[in-house]
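Note sheet for the following structure.
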2 protein chains.
Amino acid sequence: MGTVTQESAKPPRAPAVTRRAVLDAATRLIEQQGVAGLSMRKLAAELGVAVTSIYWHVGNREALLDELVQEMVHGLDTLPARGTTPTARVLSLALELRRVLRGHPHLIGLVNERGLTPAMFLPSQRALVAEISAAGLRGVRAAETVRALQYHVIGFILVERHTDRSPEQHPSAEELWLAEPSSDGDLAEALATPVDADRLFARSTEALVRSLLADQ
Amino acid sequence: MGTVTQESAKPPRAPAVTRRAVLDAATRLIEQQGVAGLSMRKLAAELGVAVTSIYWHVGNREALLDELVQEMVHGLDTLPARGTTPTARVLSLALELRRVLRGHPHLIGLVNERGLTPAMFLPSQRALVAEISAAGLRGVRAAETVRALQYHVIGFILVERHTDRSPEQHPSAEELWLAEPSSDGDLAEALATPVDADRLFARSTEALVRSLLADQ
DNA sequence: ATCCCTGGTGTAACAGTGTTACAGAAGGCT
DNA sequence: AGCCTTCTGTAACACTGTTACACCAGGGAT
């Protein structure tokens with residue numbers, strides 16, 4: 001079954017809607033209102049069509065989400081590793097991965113819920129393996145290193161997905177740190193400022209990579 | 001009883017259900033069927049009471065979940081740090097935190113969704129700050145270190161929450177690695193075995209801690 | 001020309017969800 | 001006796017995913 005149902009020639013009648021159109025409209029809805037904002041009826045209305053047509057084209061809601069997730073996962077197939085040293089190359093992979101995933105903030109939660117995180121990571125896992133082998137790691141240690149990096153990167157992304165839109169905690173962490181009597185005023189002040197996720201990710205990932213590749 | 005609305009004495013009639021009972025029943029339901037399995041009607045039926053009573057006691061579903069989350073967050077108030085070296089003490093904090101959070105697998109997702117991850121982490125953040133200061137880090141660098149550890153730990157937990165019950169990917173990562181022609185057979189074999197999360201967490205966290213505390 | 005089959009659409013319903021307007025009941029207070 | 005507060009129940013609203021069923025249009029076979 002190619003993209004849709006008709007391979008080349010004979011749709012008895014021009015379909016009012018295509019599988020592709022359904023997927024695209026669903027993507028649009030999710031990007032606007034989040035996964036919870038995607039309802040089959042809204043989707044049908046958006047396309048000017050009855051609900052049953054949606055069901056005919058994509059099965060059901062779960063299958064629709066599965067499809068979107070699969071498409072995104074396949075979009076991660078070829079991530080480039082740049083740089084000269086293994087550390088730099090591994091780091092660039094991690095940064096690139098985060099950059100791409102942040103383009104689909106609503107989907108990465110679904111990916112994880114479906115237990116597809118390993119699958120999503122598989123292509124970059126290959127690249128990681130190459131770099132880590134080049135760095136001289138072998139066998140079980142190398143495998144552990146690869147997985148540690150995977151968990152770190154995807155975990156970071158999962159965390160930062162929500163910490164942005166914190167619901168204004170009343171004693172916010174920032175206020176608490178400013179009130180705290182501390183010996184290190186600079187530290188307190190630094191903890192009282194919002195997180196710079198880009199910088200934090202780069203630093204922590206680099207620290208982890210260094211440690212994993214270096215320590216023996 | 002006392003925990004509810006009346007301050008000291010006079011419930012006009014013995015309430016058919018208390019706020020406490022609602023929260024407990026909700027916790028039980030969530031532990032059994034997950035957050036999605038918690039419906040207000042099920043909850044009412046479980047307690048042998050009409051839905052409106054639930055609403056009277058807890059407001060609405062969102063507020064109910066908020067309350068459960070808050071209770072869990074407050075349960076993390078006093079985590080001990082064991083060990084002699086700063087590295088060991090920080091590591092023990094991270095391990096302990098993960099141990100506790102894994103006792104509430106369904107709630108930690110909610111915590112993150114509500115942007116409460118920083119709040120949840122605040123008590124252990126204090127302990128972390130102490131250890132990291134003891135390790136000689138100051139100011140912005142220390143703050144970055146604390147946050148890097150936070151993100152790493154909570155991220156790991158978020159990831160592992162789902163990777164366990166992966167829905168049997170058809171070309172599973174394990175199979176793919178066994179099929180792959182590779183120069184490092186041990187590595188491929190290691191990647192083909194399931195993840196040992198305990199070990200992986202301990203190793204990766206230790207690597208990160210070491211790197212963050214040591215490198216200058 | 002009739003019939004059937006296949007692809008695609010629509011109507012209307014079922015069961016389930018969160019939430020709420022409203023009517024009560026039961027005890028304490030004045 | 002009335003009133004007020006605390007709680008509970010009935011019944012509804014709007015919404016969700018999903019499906020049984022009728023329908024319609026065109027192609028192929030008879």
Side-chain angles (χ1 to χ4, degrees), chain A residues 1-26 29-30 32-69 106 110 113-114, chain B residues 1-26 29-30 32-69 106 110 113-114:
Chain A
M1 53 332 263
T3 357
V4 197
T5 27
Q6 66 282 38
E7 299 274 313
S8 54
K10 329 215 151 87
R13 182 180 23 170
V17 77
T18 62
R19 178 179 171 84
R20 189 64 259 158
V22 172
L23 294 174
D24 290 344
L29 260 174
I30 288 179
Q32 286 169 10
Q33 320 189 23
V35 183
L38 170 73
S39 92
M40 305 302 263
R41 284 180 173 82
K42 272 194 221 161
L43 196 48
E46 184 95 0
L47 293 164
V49 123
V51 211
T52 37
S53 292
I54 309 290
Y55 279 87
W56 196 92
H57 282 289
V58 298
N60 56 27
R61 193 184 126 109
E62 205 60 18
L64 168 57
L65 292 179
D66 277 340
E67 186 63 31
L68 295 182
V69 163
H106 301 296
L110 288 182
E113 272 170 31
R114 276 140 219 267
Chain B
M1 32 193 52
T3 9
V4 205
T5 26
Q6 62 280 42
E7 299 275 315
S8 54
K10 330 217 150 87
R13 181 179 23 170
V17 75
T18 62
R19 179 180 171 84
R20 189 66 259 155
V22 171
L23 294 174
D24 291 344
L29 260 175
I30 288 180
Q32 286 168 9
Q33 321 189 23
V35 183
L38 170 73
S39 93
M40 304 303 263
R41 284 180 173 82
K42 272 194 220 162
L43 196 49
E46 183 96 1
L47 293 164
V49 125
V51 211
T52 36
S53 294
I54 308 289
Y55 278 87
W56 195 90
H57 282 289
V58 299
N60 57 27
R61 192 183 126 109
E62 205 61 16
L64 168 57
L65 292 179
D66 277 342
E67 186 64 30
L68 295 182
V69 164
H106 300 295
L110 288 181
E113 273 171 31
R114 275 140 220 268

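The chains referred to below are lettered A, B, ... by the order of the sequence lines, with proteins before strands, and numbering in each begins at 1. These numbers come from a predicted model, not from an experiment.
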[atom1] of [X] versus [atom2] of [N]: gap in Å, rounded?
X        : N       : atom1 : atom2 : result
Ile54(A) : dG17(D) : CD1   : C1'   : 13 Å
Leu38(A) : dG17(D) : CG    : P     : 7 Å
Met40(A) : dG17(D) : CE    : P     : 7 Å
Leu64(B) : dG18(C) : CG    : C1'   : 12 Å
Leu47(A) : dG10(C) : CG    : C1'   : 15 Å
Leu43(B) : dT17(C) : CG    : C1'   : 14 Å
His57(A) : dG10(C) : NE2   : C1'   : 13 Å
Tyr55(B) : dA12(D) : OH    : P     : 18 Å

Can I get a per-line list of side-chain donor-acceptor pairs under 3.5 Å for residues 39-51 of chain B, giving both atom names and the distance, sequence neighbours left out?
residue, atom, partner, partner atom, Å
Ser39(B), OG, Arg41(B), N, 3.4
Ser39(B), OG, Lys42(B), N, 3.0
Lys42(B), NZ, Gln33(B), OE1, 3.1
Lys42(B), NZ, Gly37(B), O, 2.9
Glu46(B), OE2, Arg28(B), NH1, 2.9

- Item | Inter-residue atom distance Arg114(A).CZ - Leu65(A).CG, 0.5 Å rounding |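 Arg114(A) CZ to Leu65(A) CG: 5.0 Å, rounded to 0.5 Å.
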- Message: Within this structure, what is the CD-CG distance for the pair Gln32(B) and Leu38(B), rounded to the nearest 0.5 Å?
- Response: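 Output value for this atom pair is 11.0 Å.
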- Identify which nucleotide among dT18(D), dG8(C), dT19(C) has an atom closest to any side-chain atom of Arg61(A), counting heavy atoms from C-beta outward.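 Looking only at heavy atoms from C-beta outward on Arg61(A), the closest nucleotide is dT18(D).
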- State, with a plain yes or no, whether a side-chain heavy atom of Leu23(B) is found less than 4.5 Å away from one of Glu67(B).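 The answer is yes; the side chains approach within 4.5 Å.
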- Below 4.5 Å, heavy atoms only, C-beta onward: do Leu110(B) and Leu68(B) meet side chain to side chain?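 The answer is no, as the side chains (C-beta and beyond) never meet within the 4.5 Å cut-off.
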- Distance-minimising heavy-atom pair for Val22(A) and His57(A):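 Answer, listing the atom of Val22(A) first, then His57(A): CG2-CB, 4.4 Å.
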Which pairs, protein N/O on one side and nucleotides 11-16 of chain C N/O on the other, fall under 3.5 Å?
residue, atom, partner, partner atom, Å
dA13(C), N6, Arg41(A), NH2, 3.1

